Amino acid sequence: MKVSPLANYLTEQGNRVAHALPGSSIDSVAQIRKNALARFALTGLPRMTDEQWRYTNIRSLEKHQFELSQSSDCKPDGVNISEWRLPKADTYLAVFLDGWFCSELSNLENLPDTANICSLAEILEFPTNANTQSFELALQELRSMSANAEHGFTALGAGFAADGLVVQVGSDVTLDKPLEVLFLSQRDADTRFCNVNNFVYAGKGANFQLIERYLSLGDTNHLTNSSFTFNLEADAQVDHYRIQNESECAFHIGSAKTRQKDSSRYRIFSISLGALLNRHEVIQSLDGENSHCELKGLYIGRGNQHIDNYTTIAHECADATSDEFYKGVLDDRARSVFHGRIKVAPGAQHTDAQQQNRNLLLSRNAEADTKPQLEIYADDVKCSHGATIGQLDENAVFYLRSRGLTEEQARTMLTDAFAAEIVNDIELEPVLTEVSNLVQKKLSSGNSIKEAA
Amino acid sequence: MNQSTATDISGFVNREYKEGFVTDIESETFPPGLDEDVIIALSAKKNEPEFMRDWRLKAYARWKKMTEPVWAHVNYTPIDYQSISYYSAPKSDADRPKSLDEVDPKLLETYEKLGIPLSEQKMLAGVAVDAVFDSVSVATTFKKTLADAGVIFCSFSEAVQEHPELVQKYLGSVVPSGDNYFAALNSAVFSDGSFVYVPKGVRCPMELSTYFRINAMNTGQFERTLIVAEEGSYVSYLEGCTAPMRDENQLHAAVVELIAFKDAEIKYSTVQNWYPGDEEGRGGIYNFVTKRGACRGENAKISWTQVETGSAITWKYPSVMLEADNSIGEFYSVALTNNCQQADTGTKMVHIGQNTSSTIISKGVSAGRGQNSYRGLVRILKGAENARNYSQCDSLLMGDRCGAHTFPYIEVKNPTAKVEHEATTSRISEDQMFYCRQRGLSEEDSVSMIVNGFCKEVFKELPMEFAVEAQKLLGISLEGAVG
Amino acid sequence: MLSINDLCVQIEDKKILDGINLDVAAGEVHAVMGPNGSGKSTLANVITGKLDNLTQGRITFNGMDLLDLDPEERAREGIFLAFQHPIEIPGVNNIYLIKAAVNALRRHRGESELDAIDFLAIVREKMKLLQINESFLYRSVNEGFSGGEKKRNEILQMMMLEPKLTVLDETDSGLDIDALKIVSRGVNSLADAGRSTVIITHFPRILEYIVPDHVHVLIGGRIVRSGGKDLAHELEKYGYTWVIEDTPAAVA
């Protein structure tokens, strides 16, 4: 396979900087990075000929020569974190600057003893008896990323593994406050490669909320490559809110991979607003009976934004349920891709899996591609999917105008209502408020809405 | 649960193939293998003009550079294209029969066994039959009525001889010779098929029907069908297939091209019941077909209806290129997979013109270890103002060892488009079964009735007598499978 | 005609029917009344063959051991159940189902199948009595039917199949008074000395239109009291609690 110049560049860079990465003196860590890079050197970056990347061309990304963010690039001085953290929210806060954990800006105090949250870099650099469990978890997941990399970005993630967050919440622990993980890109982050890997373990019956946010301090064209893995033991409940609102020049590749045991529940809201090229993967494996997951997504694109949501839900055992609903609004020349695969394994009887994808095209040059898939190997199941692509219902627009609204008001109101169907399901108040504001702002910034005025 | 396992539908797997026998007819057959010389010989044998030979050779050159597609959700042992014989004809080829009386009685007997009514009744019913035995047409009827209307309905070979200008003009204009691996192969070696030309303003006075049949050992079948409907014309074409029982896999790679001009309508219906292989998946036909229609004039309409119950592997996506404004494309499909059958079938609707609309109704029935995939593409291009598509894909699973899969692709580049896709999965409920049985119906009849009900939206698109045949076929396909 | 002896049914450790004895002679109408959850529908399901998890007991029908027969065999012998919740069967024409059922029965009896014209003539006549519109025949079985239409459809099927034993499982529930009258008229149109009816209900009202010879009160899986049609009136007056209080054994 032909490997692109950028891929070659990154491979060489990876080998060059390996010695300087956290934990490089530990053989097992160094070996994982080495294997992952070797794999990346073979596969390169994804191509549109890969079925999973059928509609996403990363050409725009390949124009740049990205340089891995160094720990010295992380400059917390002058960052007023209260401006950036979730407003009106009391959270445990973990802040990353260009991919590096920044303890000065974070606040992880007063966590319960049974919850352990720390930086991956710290664990790799200074493994201690106290963080053995976290070290093992991180190593296991990195190894898996390297060995089972679905595509080049995953291999790259393990090959450049440096920092991230490792979260362990013990059995039957309920966190009193949400955990907010804030990834900031700095003003000088142009062509910087911010690589983070985050590993979350929820013990039996554990219960907490995690807020994952991406923001940019400037209009930079950095590359974020961020992975999250979740392991939910039986009866665990995790609510995951993800807001990606990076610079509209940036490149963002993110993923959430979750394995669930019996009667666990995982819910994710994936809100994609920022980045020029955005891909978010949600890979669910329902391994336990009566486990349940909910995937809600909202993406709004304008300008030349490209937004790719790639999701798979594997029902590996009986009596699990899943509910997936993604909506998108595309203005200007924005493009969206939705891939939603539901797989029901042999024997996974009584599966209930529902999936919906709805797209609203506001502009002549916008495009939406959708690819819902059902792959079913058990008969006593309830599975369905639906997908629609269209524009605002002109009858509804007319109805509102007949009630005295201007055309702009009518369109704005209907577009807002379209997005609200996802937004309003957010239960956590400060997240709801934040997302509502961001969505409103984003929707009113597209040209078609403005032109309708 | 009652004792006779009324609801254990998983048992609905076994049936004997009713069309299983091999006709012993001396065939004039090429030795297996494929190269340029074989193509030149084939073309010469058919006495083809130069343009045909060159077209074949060009297709062969393309095919040699291509690789077999692997994206379909099917598994099969690789095909050895050099072990296939690319020409076989009944001995009577040199002296073609002028009427049924001249047709080899053994051949007629074969059709009798198959229940193909190539007979008075059929003619009275107003159906002309162009039966393909192996690769060469042996009987064409009702030519006069059609000729009076100006309709050309003949074998492809005959069309090459009699109407070379039409063939040259339209052949490959919808499915180019290098379109895909199997289409390229077909273009290089196609043996025969049907040709239909309906002139301007003519409503074809009868349903045109062709029965295909694979027979001689090791003979790949490469049919080529071309239907041209000029402005304001209408034609309904029926295609039905069946094959004798055998142990070796047989490749079938047909190409069908439809062209509908302004205000013309083509309705193409298929009932496919080729040998599906035995319960363990041995034998059975590989059915890799390229079917595509083009709406070349305003208000043109192309409608595909298919009932696919046979073949070991089906790879088939009857498609419509909606090139002209206000044109309409339809796809209605029932695909049934039982035992070890695999089907990967669906459609492509490409919206190019304005106000184009398409409808897709797909019903998949999976039983035994059958794997049934719907794969469809709806593409709305930038200029396709006010395009509409509605797709519905329903799967019915019978038993816990089969699979039902849905892979739609939807691409929309125009905001005025309205595209809706829905898919559901279900099984026959125990309550439905009991309700029917409480009314005195046997388990088999109950299942057959419920499955036919599930498929009704598709059956109602078939011409009446075909619909009856299709319903029976579905019943047979699930027969002997209870408990 | 129908004879039930010491019938016990258990579903997942729970005794649903606990020693039912019931004899229905030819020409008789029996009402089985009881509150929700008393086992009434289970009784119907056992008679028709939906359930076969008997722990003990015998059911005979005209001397045949019913438990040896599949549901369709029982149907062909003349047992008809008007379902409490008739199931929807998408895509299957109502008329198609009825015709297939009628002909299955006729074949069983060694009679020739009805052709489409004769069949249509008969079904139209019955529909008139039930005040059903002809479009009804061409809709999918019970799909999109209102509650009342579903019940009328059950009775139409009954009239077409002319069963020897009809079991009406809460056919009256959800019907307004006009519909109830129509449905009753349909049931009564079939009444003769050779046919029997078992009405399962918890409201006595239907019994004003289809007059029972015997009334049985089913509570907790047992018939706690049997009597003539007057028993229904008493039930209406005093309710089921009266029977329970009056019959301590039933409370078990």
Side-chain angles (χ1 to χ4, degrees), chain B residues 1-8 11 332 334 361-365 392 394-396 422 424-462 464 467-468 470-472 474-475 482-483, chain C residues 11 44-54 66-94 96-109 138 140-143 150 153-154 157-158 160-161 163 167 169:
Chain B
M1 225 40 36
N2 62 68
Q3 292 138 329
S4 61
T5 62
T7 50
D8 182 16
Y332 300 95
V334 166
I361 307 286
S362 163
K363 305 280 182 176
V365 180
Q392 189 188 324
D394 298 322
S395 303
L396 190 68
E422 285 173 38
T424 65
T425 301
S426 59
R427 62 173 190 165
I428 297 176
S429 82
E430 294 170 6
D431 287 344
Q432 285 174 333
M433 281 297 288
F434 182 69
Y435 190 88
C436 293
R437 295 180 72 194
Q438 212 298 307
R439 296 303 180 248
L441 302 183
S442 67
E443 283 183 283
E444 279 184 6
D445 287 348
S446 301
V447 167
S448 174
M449 182 179 279
I450 294 167
V451 172
N452 273 300
F454 172 77
C455 301
K456 186 181 180 188
E457 281 166 281
V458 175
F459 287 155
K460 74 178 169 45
E461 296 297 325
L462 287 171
M464 188 57 169
V468 173
Q471 293 205 8
K472 259 192 243 155
L474 225 58
V482 185
Chain C
I11 299 174
N45 288 337
V46 173
I47 295 171
T48 51
K50 184 169 193 185
L51 288 176
D52 62 357
N53 34 356
L54 274 65
L66 260 197
L67 302 179
D68 287 344
L69 301 182
D70 284 338
E72 59 268 35
E73 292 171 321
R74 301 186 201 195
R76 290 170 194 169
E77 291 299 334
I79 295 178
F80 182 91
L81 173 64
F83 286 80
Q84 184 183 0
H85 303 292
I87 187 90
E88 298 182 356
I89 310 179
V92 175
N93 273 347
N94 211 12
Y96 184 54
L97 170 71
I98 298 173
K99 185 158 175 259
V102 167
N103 283 332
L105 232 78
R106 293 179 69 95
R107 273 198 306 274
H108 178 71
R109 294 186 199 132
Y138 301 100
S140 294
V141 175
N142 295 320
E143 202 182 34
K150 283 183 182 171
N153 193 26
E154 294 295 290
Q157 293 181 18
M158 181 205 84
M160 290 303 296
L161 295 172
V167 181
D169 189 3

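Chain identifiers are assigned alphabetically (A, B, ...) following the order of the sequence lines, protein sequences preceding nucleic acid strands; residue numbering begins at 1 within each chain. Nothing here was measured: the structure is a model prediction, and the numbers come from that model.
Between chain B and the residues L81(C), L97(C), I89(C), the largest count of heavy-atom pairs under 4.5 Å involves L81(C).
Proximity to chain B (any heavy atom under 4.5 Å) is restricted, for N142(C), to the side chain, taken from C-beta onward. Within the 4.5 angstrom heavy-atom criterion, no atom of V102(C) approaches chain B. The part of F454(B) that comes within reach of chain C is its backbone (N, CA, C, O), which places non-hydrogen atoms under 4.5 angstrom from that chain. For chain B, no part of P163(C) is nearby; none of its heavy atoms comes within less than 4.5 Å.
Taking both residues in full, the closest heavy atoms of V92(C) and M449(B) are given as CG2-O, 3.2 Å, listed atom of the first, atom of the second, then distance. Closest approach of S429(B) and I87(C) over heavy atoms only: OG-CD1, 4.2 Å. In plain terms, the two heavy atoms of Q157(C) and Y435(B) that are nearest each other are NE2-OH, 3.2 Å. Closest approach of E443(B) to E72(C), counting heavy atoms only: N-OE2, 3.6 Å. Heavy-atom minimum distance, A104(C) versus G440(B): CB-O, 3.5 Å.
Counting only distance, with no hydrogens or angles, the side chain of Q432(B) and the backbone of E88(C) share a donor-acceptor pair below 3.5 Å. Using modelled atom types, one side-chain atom of Q438(B) and one backbone atom of I79(C) make a donor-acceptor pair closer than 3.5 Å.
To the nearest 0.5 Å, atom CD of residue E154(C) and atom CZ of residue R439(B) are 4.5 Å apart.
Residues F434(B) and T48(C) have side chains in contact (heavy-atom distance under 4.5 Å, counting atoms from C-beta outward). Side-chain contact between D431(B) and F83(C) is absent, with no heavy-atom pair separated by less than 4.5 Å. The closest side-chain heavy-atom distance from S442(B) to R76(C) is below 4.5 Å.
Judged as a side-chain hydrogen bond (donor to acceptor under 3.5 Å, both in side chains), and not counting sequence neighbours, the contacts of N93(C) are K456(B).
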